[in-house]
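Shown next, in structure tokens, is the structure this report addresses.
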Amino acid sequence: MLTSVADGGVGDGIAAVDAAAAAAADWAATAPRKRADILMACFHAMMAQQEWLAQIISLENGKALGDARGEVAYAAEFFRWYAEEAVRINGEVAIAPSGANRILVQYQPIGVALLITPWNFPAAMATRKIAPALAAGCTCILKPAEETPLTAMAVAEIMRRAGVPAGVVNLINASDPGPVCSAILHDPRVRKLSFTGSTEVGRILLREAADTVISSSMELGGNAPFIVLDDADLDAAIDGAMVAKMRNAGEACTAANRFYVQRGIHDRFVERLVERMGALAVGPGIDAATQCGAMINRQSIEKIDRLVADAVQRGAQIRLGGRALAGAGFFYPPSVLANVRQGSAILDEEVFGPVAAVLPFDDAEEAIRLANATEYGLAAYVYSADLKRALNIAERIECGMIAINRGLVSDAAAPFGGVKQSGLGREGAHHGLLEYCEAKYIAVDW
């Protein structure tokens with residue numbers, strides 16, 4: 001145990017709404033350039049505190065310090081991006097088809113927003129929501145994951161010191177978040193919900209938001225396929241696989257979950273992946289030498305064990321790892337399963353850990369069919385030396401984001417989000433800003 005924090009209840013949630021609502025009019029009326037300057041100050045303040053914040057993330061989340069430092073830089077980038085976007089909320093003017101009047105469209109702040117963030121990227125998921133909300137002129141309430149309250153508190157303090165006015169960003173921690181979030185969502189002053197987390201919880205929140213018809217953005221679960229065609233550069237594919245699988249020790253919604261490798265390159269890919277993953281140092285995230293930190297809790301370890309055991313029972317071969325490490329802490333070693341069979345639970349559920357499930361395929365049509373055989377559609381990865389071929393496959397995969405010949409899709413300047421049961425709406429890019437805006441149409445005779 002690191003420390004303890006205040007445990008908020010329903011009353012605290014409504015107090016946060018009171019504060020956000022009281023600050024809303026002044027913040028909405030703040031000049032876009034002023035809002036931009038404050039967000040840019042947040043960027044510089046966060047980067048100045050990168051090591052301090054990375055230490056906090058690593059201590060409470062368990063991720064390796066290298067991953068934590070990368071997260072801080074990624075988190076800060078949302079402040080910089082939306083500082084630049086805050087002055088680009090452009091309206092529209094058009095002549096009505098009849099020629100009788102003009103059509104004016106203005107983009108206005110949607111209102112008070114409830115932002116609910118997960119534990120796996122506790123800084124980046126907060127700034128990815130807070131920054132566009134503030135850029136658009138909205139005030140907000142941040143409810144971070146129960147496992148990682150300290151990072152959210154640190155981000156809030158950085159923002160306060162950077163000049164964010166009182167009431168614009170409000171933070172509530174709660175060990176029983178259900179009643180708190182429900183009370184906030186049923187307050188008529190709240191007009192926006194943005195949630196990152198599991199599809200199961202997302203469904204519950206959508207039902208709650210439906211009662212007051214709240215605009216909802218959902219970034220939910222993933223089950224990313226990683227497709228390697230036999231003409232791919234093997235070195236590049238392995239490098240990409242290490243990023244796509246082992247970033248944050250696999251505890252990422254964009255993590256490669258299912259590796260589909262064409263038969264001509266399959267055996268060499270598995271051999272090289274085993275070699276690379278087996279060389280990673282496992283240990284406490286705060287240790288400088290660690291490359292694969294701890295899982296978040298005991299339940300995570302139990303889920304990974306269950307999925308691996310099911311795959312092995314159905315015929316998969318453990319080529320590396322495959323069993324939780326003994327001793328204190330929630331450590332699972334980098335693991336590779338080969339010849340995973342269809343019907344294995346690990347192909348249907350996010351493993352959310354450092355386990356790569358590898359399957360061979362014969363042709364591109366089969367790879368596309370396998371990739372789409374899931375209720376999720378967040379991210380996918382395709383490796384091929386033939387760009388036209390890769391683009392053709394990418395266009396037919398049912399997901400919101402595709403990385404071709406690279407193992408990373410996340411970028412503050414790109415629209416992040418999924419299709420099917422992986423979510424609604426987009427974060428990042430200009431698209432993320434518009435999630436916090438209402439389009440107002442005004443008809444004018446002139």
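Numbers here simply count residues along the sequence, with the first being 1.
Here Asn223 contributes atom CG and Thr374 contributes atom OG1; the two are 4.0 Å apart, rounded to the nearest 0.5 Å. Distance check: Leu59 CG to Leu65 CG gives 8.0 Å after rounding to the nearest 0.5 Å. Rounding to the nearest 0.5 Å gives a distance of 8.5 Å between CG of Leu142 and CG of Leu114. Once rounded to the nearest 0.5 Å, the distance linking OH of Tyr260 with CD1 of Ile227 reads 8.0 Å. To the nearest 0.5 angstrom, Gln50 atom CD is 9.5 Å from Ile57 atom CD1. Atoms CD1 and CD1, from Ile397 and Ile368 in turn, are 6.5 Å apart once rounded to the nearest 0.5 Å.
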Walk me through it: do Ser182 and Glu208 pass the test side-chain hydrogen bond (donor to acceptor under 3.5 Å, both in side chains)? CA-CA 7 Å; Ser182 180; Glu208 294 273 359; 2.9 Å; yes
Could you give me the CA-CA distance, side-chain angles and deciding distance for Arg323 and Asp305, then say whether salt bridge (charged side-chain N to carboxylate O under 4.0 Å, His left out) is met? CA-CA 7 Å; Arg323 180 176 298 178; Asp305 270 337; over 6 Å; no
List the steps, then state whether side-chain hydrogen bond (donor to acceptor under 3.5 Å, both in side chains) holds for Thr148 with Asn61. CA-CA 6 Å; Thr148 52; Asn61 169 281; over 6 Å; no
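Here the shortest heavy-atom pairing between Thr127 and Met46 reads CG2-CE, 3.9 Å. Summarising the geometry of Leu337 relative to Ala311, their closest heavy-atom pair is CD1-CB, 3.9 Å, with the distance given to 0.1 Å. The shortest heavy-atom contact between Met47 and Ala73 is SD-CA, 3.9 Å. Taking all atoms of both residues into account, the shortest heavy-atom contact from Met246 to Pro354 is CE-CB, 3.6 Å. What you find for Ala338 and Val270 is that their closest heavy atoms are CB-CG1, 4.3 Å. Across Ser198 and Leu220, no two heavy atoms sit closer than the pair O-CD2, 3.6 Å.
Side-chain N or O atoms of Ser335 include one that pairs as donor or acceptor with a backbone N or O of Pro333 at under 3.5 Å. Side-chain atoms of Asn405 do not come within 3.5 Å of backbone N or O of Ala236 as any donor-acceptor pair. A donor-acceptor pair under 3.5 Å is absent between the side-chain atoms of Lys143 and the main chain of Gly13, judged by distance alone. Checked by atom type and distance alone, the side chain of Tyr381 never pairs as donor or acceptor with a backbone atom of Leu408 at under 3.5 Å. Checked by atom type and distance alone, the side chain of Lys245 pairs as donor or acceptor with a backbone atom of Ala256 at under 3.5 Å. Using modelled atom types, no side-chain atom of Glu251 and backbone atom of Met295 make a donor-acceptor pair closer than 3.5 Å. Counting only distance, with no hydrogens or angles, the side chain of Ser422 and the backbone of Gly221 share a donor-acceptor pair below 3.5 Å. Under the 3.5 Å distance criterion, the side-chain polar atoms of Ser58 are matched with a main-chain donor or acceptor of Ile286. Counting only distance, with no hydrogens or angles, the side chain of Arg69 and the backbone of Ala54 share no donor-acceptor pair below 3.5 Å.
The salt bridge (Lys or Arg N to Asp or Glu O under 4.0 Å) check on Arg161 picks up Glu157, with sequence neighbours excluded. The ring-ring contact (aromatic ring centres under 6.0 Å, His included) check on Phe269 picks up nothing, with sequence neighbours excluded. Every residue two or more places apart in sequence or in another chain was checked for a ring-ring contact (aromatic ring centres under 6.0 Å, His included) with Tyr436, and none qualifies. In this structure, Tyr107 has no ring-ring contact (aromatic ring centres under 6.0 Å, His included) partners at least two apart in sequence or on a different chain. Under the rule for a side chain to side chain donor-acceptor pair (under 3.5 Å), the partners of Lys192 that lie at least two apart in sequence or sit in another chain are Ser215, Ser217, Glu435. Partners of Thr196 under the side chain to side chain donor-acceptor pair (under 3.5 Å) rule, at least two apart in sequence or in another chain, are Lys129. Applying the ring-ring contact (aromatic ring centres under 6.0 Å, His included) test to Tyr82 and every residue at least two apart in sequence or in another chain returns nothing. The side chain to side chain donor-acceptor pair (under 3.5 Å) search around Arg319 returns none, not counting sequence neighbours. In this view, Arg263 and Asp362 satisfy the side chain to side chain donor-acceptor pair (under 3.5 Å) rule, not counting sequence neighbours.
Between Glu427 and Arg128 there is a salt bridge, since a side-chain N of the basic residue sits under 4.0 Å from a carboxylate O of the acidic one. Comment: Lys63 engages Glu71 in a salt bridge, judged by a side-chain N to carboxylate O separation of less than 4.0 angstrom.
Applying the side-chain contact (heavy atoms from CB on, under 4.5 Å) test between Pro144 and each of Leu115, Thr117, Thr151 identifies Thr117 as the sole match. Each of Leu229, Ile393, Asp231 was checked for a side-chain contact (heavy atoms from CB on, under 4.5 Å) with Asp386, and the lone residue meeting it is Asp231.
Side-chain atoms of Thr199 and Gln421 include no donor-acceptor pair closer than 3.5 Å. Between the side chains of Asn248 and Asp67, not a single donor N or O lies within less than 3.5 Å of an accepting N or O.
In this structure, Glu271 places its CD atom where only 12 or fewer heavy-atom neighbours from other residues, nucleotides or ligands lie under 6.0 Å away. The environment of His430 atom NE2 is dense: over 12 non-hydrogen atoms of other residues, nucleotides or ligands sit within 6.0 angstrom.
Sorted by first then second residue, the ring-ring contact (aromatic ring centres under 6.0 Å, His included) pairs that include residues 40-69, not counting sequence neighbours, number zero. Residue pairs meeting the side-chain hydrogen bond (donor to acceptor under 3.5 Å, both in side chains) criterion with at least one member in residues 336-356, sequence neighbours excluded: Arg306-Glu349, Gln317-Asn339. Counting only residues at least two apart or in different chains, side-chain hydrogen bond (donor to acceptor under 3.5 Å, both in side chains) contacts with residues 275-304 comprise Asp239-Arg276.
Proximity of the aromatic rings of Trp119 and Phe352 is defined here by a centroid distance below 6.0 angstrom, and this criterion is met. Between Phe259 and Phe226, the distance separating the two ring centers is shorter than 6.0 angstrom.
Geometric assessment of Arg247 against the ring of Tyr74 yields a positive cation-pi assignment under the 6.0 Å and 45° thresholds.
Side-chain contact between Ser216 and Leu205 is absent, with no heavy-atom pair separated by less than 4.5 Å.
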